[in-house]
Amino acid sequence: MIQVSGLRKSFGGKPVLSGVDLAVGQGESLCVIGQSGTGKSVLLKCILGLTQPDAGQILWQGRPLDRRTRPAFMARFGMLFQGAALFDSLTVWQNVAFRLRQRMPDAQARAVAIEKLARVGLGPETADLMPAELSGGMAKRAGLARAIADDPAVIFFDEPTTGLDPIRARRINDLIRGIVTETGATAITITHDMDSVRAIGDRVALLQDGRIAWEGQVPAMDHAAPLAGFLGNTPPL
Ligand SMILES: Nc1ncnc2c1ncn2[C@@H]1O[C@H](COP(=O)(O)OP(=O)(O)O)[C@@H](O)[C@H]1O
Ligand SMILES: [Mg+2]
């Protein structure tokens, strides 16, 4: 579905990504882990076209993502941003239906939004609230509803549990796993939370020193030497 090869990106002469190779298959759930500041978000921004890489290639369904192919890709992806990043001047339903409203009447877009909110455990009474009125967990859920509103083929999750307590984090992980499984979407999750990896991932890749230092199936990570130090950093439940 997505293949990244030889991806490089520096900021002010400081290399962040120095040759990242990574692939995710259709319907697969890949987690990218790494310490804070290793370039996980930069990697995601390169794939999304929000940051221009210095070198390397990104293929989508075997074709390079460029000015010509990117619009079709952009119409097929959903994104849950770190910290939810809701538009604070729009209501919850308007956030969820942001993209839908460009191509359907408001009444219909609102109905879809309410259906997606229900899928993430938020009742219709939340539809007309403003983001400032939501708790952290509710905002994540609303962000998740927005990410899946347009039935994306590829969903990106950037640190989906950051800022949540362990119980709410676990609920969000379970929700994400359920949604990924039932929609058959390809998922790329960026996280430093090993509980997220176990809950969400089929496969896991460790980003370290600008490269993928290890990758394998999730059950194999307990026996992977390069991950030994990293697993020890899991915050206690
Ligand atoms: N637009 C930018 N300009 C300069 N430096 C940046 C920019 N974006 C990211 N960086 C730097 O790149 C490194 C990786 O950042 P990031 O991808 O956000 O890390 P994380 O793995 O925590 O998501 C950090 O040192 C960060 O300061
Ligand atoms: Mg980040």
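One-based numbering, in listed order, for ligands and for the atoms of each. Basis for what follows: all heavy atoms, side chains included, without hydrogens, waters or symmetry-related copies.
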Tell me the closest heavy-atom pair linking V180 and S29, and the distance in Å. CG1-CB, 4.3 Å
Check: L206 and L227 side chains under 4.5 Å, non-hydrogen atoms: yes
Below 3.5 angstrom, do we get any N/O pair linking G39 and ligand 1? yes
Considering only heavy atoms of K14, which atoms of ligand 1 have at least one such atom less than 4.0 Å away? 25 (O)
Heavy-atom proximity to atom 23 (O) of ligand 1, picking from P15, S10, S41, points to S41
Can you find a side-chain donor-acceptor pair between S196 and N173 that sits under 3.5 Å? yes
Strictly distance-based, threshold 3.5 Å: is any side-chain N or O of N95 a donor or acceptor partner for the main-chain N or O of A142? no
Please write down residue, atom name and distance for the protein heavy atom closest to atom 15 (O) of ligand 1. V42 CG2, 4.0 Å
Using only heavy-atom distances, determine whether the side chains of D21 and S5 contain a donor-acceptor pair under 3.5 Å. no
To which protein heavy atom is atom 24 (C) of ligand 1 closest, and what is the distance rounded to 0.1 Å? G37 O, 4.0 Å
Tell me whether V16 has any N or O atom under 3.5 angstrom from an N or O of ligand 1. no
Looking only at side chains, do D151 and T183 share a donor and an acceptor under 3.5 Å apart? no
Atoms of ligand 1 less than 4.0 Å from S36 heavy atoms? 22 (O)
Could you check whether atom 26 (C) of ligand 1 has a protein contact, counting only heavy atoms that fall below 4.0 angstrom? no
Atom 10 (N) of ligand 1 protein-contacted, heavy-atom criterion under 4.0 angstrom: yes
For I200 versus P160, what's the shortest heavy-atom pair and its separation? CD1-CG, 4.4 Å
Metal site the Mg ion (ligand 2), protein N/O/S atoms found under 2.8 Å: 1
If you have a sec, work out which protein heavy atom is nearest atom 1 (N) of ligand 1 and how many Å separate them, to one decimal? F11 CE2, 3.6 Å
Test the R101-F87 pair against the cation-pi criterion, namely NZ or CZ under 6.0 angstrom from the six-membered ring centroid and within 45° of the ring axis. no
Do W214 and V204 come within less than 4.5 Å of each other through their side chains, counting heavy atoms only? yes
Do T91 and Q94 pair up side chain to side chain, a donor and an acceptor below 3.5 Å, judged on atom types alone? yes
Does a side chain donor of either E159 or H192 reach within less than 3.5 Å of an acceptor in the other side chain? yes
